[in-house]
Amino acid sequence: MNKVFALIDCNNFYASCERLFRPELQGKPIVVLSNNDGCIVARSNEAKALGLSMGAPYFKNKALIRKHNVQVFSSNYALYGDLSHRVMRVLQDMEPDVEIYSIDEAFISLPAGNNLAAYAKSMKARVEKYVGIPVSIGIAPTKTLAKIANRFAKKNAQHQGAFEIRNHENSDELLSTVGVGEVWGIGRKSTEKLNRQGIHNALQLKNADDQWIRKHLTVTGLRTVMELRGTSCLPLDHSLPTKKSIISSRSFGSPVNTLPDLREAIATHIAIAAEKLRKQKSAAGSIHVFIYTNRFKKDTPQYAGNIMMTLSQPSACTPTIIKSALQGLERIYKPGYAYNKAGIMITELVPQNHLQQNLFCSENIENTPLMATVDRINTRWGRNTLQFAAAGLAKPWGMKQAHKSPAYTTNWPDIPVVTASF
DNA sequence: TCTGGGGTCCTAGGACCC
DNA sequence: TCTGGGGTCCTAGGACCC
C-alpha cells in the first residue's frame with residue numbers, strides 16, 4: 001500500500017507552552033529567551049508581526065519589546081520537555097508509526113488515501129483538546145514536501161491547520177512560491193550557491209541538473225531534489241534515539257580568567273554529560289574540551305582552545321572522565337584571556353558491557369571519590385544545584401534569569417488511550 | 001634528479017537541523 | 001553591561017600501508 005508522510009509541528013512551541021499557563025496572554029505578543037537570557041528563541045505570532053526575529057539578541061530589541069508591552073520569559077526546558085512528551089503520546093495513541101523528530105515535531109506514516117486533510121484536522125483537534133498546544137499538519141508523499149505542506153498549513157488560515165500536497169496535482173504551482181532557502185536541508189550557504197546559479201525557488205530546485213547538484217551540494221542536496229520530485233529518500237526513523245555524542249556547554253554570565261574557575265566549569269559539564277551517558281547505558285571513548293573568548297568582542301584578544309582526549313578504555317564514570325578532561329584543559333588553557341564560554345563533548349559512545357558496569361560510579365556524585373572541585377561547586381551553588389543546572393533551572397556563574405515563569409503544576413489527568421479510527 | 005598506484009582509516013571542518 | 005545550546009551527516013585531505 002502506498003504511504004504518505006504527515007508532519008505534525010507545534011506552533012511557536014515554547015511560546016505556546018508558556019501561554020498555556022497564562023491564558024490571559026492569548027492574542028498578546030510574547031517571546032522566550034535562550035539560556036542566560038541571550039537571544040530570542042521563540043515568538044508568538046503577534047511578536048513575529050512586530051518584527052522580532054528568531055535568534056535576535058535580546059538586548060538589541062529591548063526598546064521594541066518595551067514599547068509594545070511584549071511579555072518576556074526565560075526558557076524552562078523541563079516544562080517544554082514535559083509538554084512535548086504529552087503531545088507525542090496523543091499522536092502515538094492515534095497512529096502506530098510515529099517518528100519523534102524534535103521536541104516539537106513528529107513525522108507519521110499514513111496509508112495514502114482521500115480525505116487525509118480531514119483526518120489531520122481531527123488529529124490536531126485531539127492534541128489541542130488533551131494538551132492545549134496548537135499544532136499544524138502537512139501531508140505529502142515525501143518528508144521534504146510534508147515540511148512545505150506544513151508551512152502552507154501554518155501560514156494560510158483558510159487551510160485550518162492542515163494541508164496536503166499531492167504529486168502532479170498542485171505541487172508545481174505551490175513550489176514556485178517557496179523560496180529555495182526555505183526548503184528543508186537548504187541552508188544559507190547552499191542558498192547563495194543556488195542563487196548564483198539562477199535557482200531561486202523550490203520549483204527551480206526540483207528541476208535542477210542532477211550532476212550540478214551532486215557536485216556542489218553533495219548527495220545530501222541530491223536527496224533533497226529527489227524528495228521535491230516526490231521520490232521518498234528519507235524513510236521514517238523509529239530507531240531508539242541513542243546519541244552518538246553528548247555536549248554540555250555554556251556561556252559564562254561574566255568573563256572567567258582563571259584555571260580554577262575553568263576547572264569547575266569543565267568538571268560540571270562532565271558531570272552533566274556523564275549522567276546523560278549513563279541514562280542511555282553507553283560509555284564514552286573520547287572527550288573534547290573547549291574554551292573560547294567572546295567572539296563578539298573583536299577588539300579584545302581572541303583565543304579558542306580545544307583538545308581531544310582518548311580514554312584508555314571506554315568509561316561512564318564521572319571522576320574518570322573528569323580527570324582526563326582536566327588534563328586536557330591544562331594543556332589548552334592560556335592565562336591572560338577573558339573566557340566567555342567553556343564546554344565538553346563526549347564521543348565514541350559504545351554500549352556498556354559487564355566490565356564497564358562494574359566500573360560504574362554511583363549516580364550520586366557526593367558518594368563518589370570525586371575531587372574537591374565538585375565539592376566546591378556544591379558549596380558555591382548550594383545543595384543540589386548540579387541537578388537543577390542539568391534541568392536548566394539554575395544559572396551558575398552569575399548567570400541571570402530575569403524573567404521567572406510561574407510555578408507549574410503538571411499533575412493533569414492521564415491522557416485517555418483511544419483507538420485509531422481511520 | 002628521477003620518484004607508481006591503489007586502498008583504508010582517521011580527522012578537521014563545513015553545512016545543516018531543531 | 002547584555003549575542004544560546006545540542007545534535008547529525010558528509011567530504012577532502014593527510015597518514016599510512018602494500
Side-chain angles (χ1 to χ4, degrees), chain A residues 7 9-10 12-14 31-42 53-63 65 72 74-77 80-81 84 99-107 143-144 147 150 181-194 214-224 233-234 237 239 241-255 269 272-273 276-277 280 285-286 288 290 292-298 300 304 306-308 310 338 340-349 389-392 395 398-403:
Chain A
L7 172 66
D9 189 321
C10 301
N12 313 326
F13 184 54
Y14 296 172
V31 297
V32 179
L33 304 181
S34 66
N35 248 310
N36 223 9
D37 288 348
C39 295
I40 296 172
V41 291
S53 49
M54 180 72 176
Y58 172 51
F59 76 93
K60 283 190 180 174
N61 289 280
K62 267 187 179 162
I65 285 172
V72 178
S74 298
S75 41
N76 178 348
Y77 295 103
Y80 311 149
S84 169
E99 172 192 343
I100 298 171
Y101 177 70
S102 75
I103 193 164
D104 70 336
E105 285 173 73
F107 285 104
K143 283 181 164 180
T144 304
K147 276 267 186 187
N150 189 285
E182 295 166 62
V183 175
W184 191 40
I186 304 296
R188 197 167 43 86
K189 292 280 183 186
S190 301
T191 302
E192 283 169 17
K193 271 187 211 167
L194 289 164
R214 174 66 183 81
K215 181 161 178 222
H216 294 94
L217 301 186
T218 79
V219 292
T220 329
L222 191 55
R223 242 181 331 241
T224 298
C233 305
L234 305 166
D237 181 7
S239 60
T242 305
K243 293 198 181 77
K244 298 176 177 173
S245 66
I246 297 172
I247 292 178
S248 176
S249 70
R250 284 285 182 283
S251 303
F252 296 120
S254 48
H269 287 307
I272 290 167
K276 290 186 191 170
L277 181 70
Q280 70 164 40
S286 65
H288 301 246
F290 46 89
Y292 300 137
T293 52
N294 190 337
R295 66 196 161 100
F296 293 102
K297 289 193 172 165
K298 302 239 189 294
T300 63
N306 66 78
I307 189 170
M308 190 192 79
T310 304
N340 162 260
K341 179 172 182 165
I344 60 95
M345 173 163 78
I346 52 183
T347 53
E348 292 173 43
L349 308 189
K395 302 289 169 180
M399 289 181 167
K400 57 192 176 190
Q401 188 173 27
H403 308 280

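Order of the sequence lines sets the chain letters (A, B, ...), proteins ahead of strands, with each chain counted from 1. Model, not experiment: these values are computed from the prediction.
- Nucleotide C:dT11 holds its C1' atom 15 Å from the CG atom of A:Leu222, rounded to whole Å.
- Atom CG in A:Asn294 sits about 9 Å away from atom P in C:dG4, given to the nearest Å.
- Between A:Asn340 and A:Lys297 there is no side-chain heavy-atom pair separated by less than 4.5 Å.
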Contact pattern, 5' to 3', of nucleotides 13-18 of chain B - B, S or - by protein heavy atom under 4.0 Å:
--SSSS
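- In the set C:dT3, C:dT11, C:dG6, C:dT11 carries the atom at the smallest distance from any side-chain atom of A:Val219.
- Distance from the side chain of A:Lys243 is smallest to C:dG7 among C:dC2, C:dG7, C:dG6.
- Mapping A:Thr220 and A:Gly55 onto DNA chain C by nearest heavy atom places A:Gly55 closer to the 5' end of the strand.
- One can place NZ of A:Lys341 at 7 Å from C1' of C:dG4, the figure rounded to the nearest angstrom.
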Give the dot-bracket line for DNA chain C from 5' end to 3' end: parentheses for intra-strand Watson-Crick or G-U pairs under 3.5 Å, square brackets for crossings, | for inter-strand pairing, dots for unpaired.
....||||||||||||||
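- The side chain of A:Arg295 contributes an N or O atom lying less than 4.0 Å from OP1 or OP2 of C:dG4.
- Of the listed residues (A:Thr218, A:Leu222, A:Leu217), just one forms a side chain to side chain contact (heavy atoms under 4.5 Å, CB included) with A:Thr220, and that residue is A:Thr218.
- Closest-nucleotide positions on DNA chain C for A:Ile246 and A:Asn340 were compared, and the one nearer the 5' end corresponds to A:Asn340.
- Among the protein residues, A:Lys297 comes within range of the sugar-phosphate backbone only, with heavy atoms under 4.0 Å from sugar or phosphate atoms but none that close to a base.
- A:Met345 is listed as a side-chain neighbour of A:Ile247, based on a closest heavy-atom distance under 4.5 Å.
- Put simply, the side chain of A:Asn35 reaches to within 4.5 Å of the side chain of A:Tyr77, judged on heavy atoms.
- Spacing between atom CZ of A:Arg250 and atom C1' of C:dC2 amounts to 17 Å, rounded to whole angstrom units.
- To the nearest angstrom, P of C:dG5 lies 8 Å from NE2 of A:His269.
- Atom pair A:Ile344:CD1 and C:dG5:P shows a separation of 13 Å (rounding to whole Å applied).
- Regarding A:Met345, its CE atom lies at a distance of 13 Å from the C1' atom of C:dC9, rounded to whole Å.
- For C:dG5, the OP1/OP2 oxygens have no side-chain nitrogen or oxygen of A:Ser248 closer than 4.0 Å.
- Counting heavy atoms from C-beta outward, A:His288 and A:Ile307 have side chains that stay 4.5 Å or more apart.
- The two residues A:Ser248 and A:His269 come nearest to each other via the heavy atoms OG-ND1, 2.8 Å.
- Across A:Ser286 and A:Thr310, no two heavy atoms sit closer than the pair CB-CA, 4.0 Å.
- C:dC18 and B:dT3 have their P atoms separated by 24 Å, with the value rounded to a whole Å.
- With sequence neighbours left out, the side chain to side chain donor-acceptor pair (under 3.5 Å) criterion links A:Asn306 to no other residue.
- Of the side-chain N and O atoms in A:Arg223, none sit less than 4.0 angstrom from OP1 or OP2 of C:dC9.
- Rounding to whole angstrom units, CG of residue A:Asn36 and C1' of C:dT1 are separated by 12 Å.
- Minimum heavy-atom separation, A:Val183 to A:Thr144: CG1-CG2, 4.0 Å.
- Relative ring orientation between A:Tyr101 and A:Phe107 is described as perpendicular, the plane-to-plane angle rising above 60° on a 0-90° scale split at 30° and 60°.
- Of the candidate nucleotides C:dG4, C:dT11, C:dT8, C:dT11 has the atom nearest to the side chain of A:Arg214.
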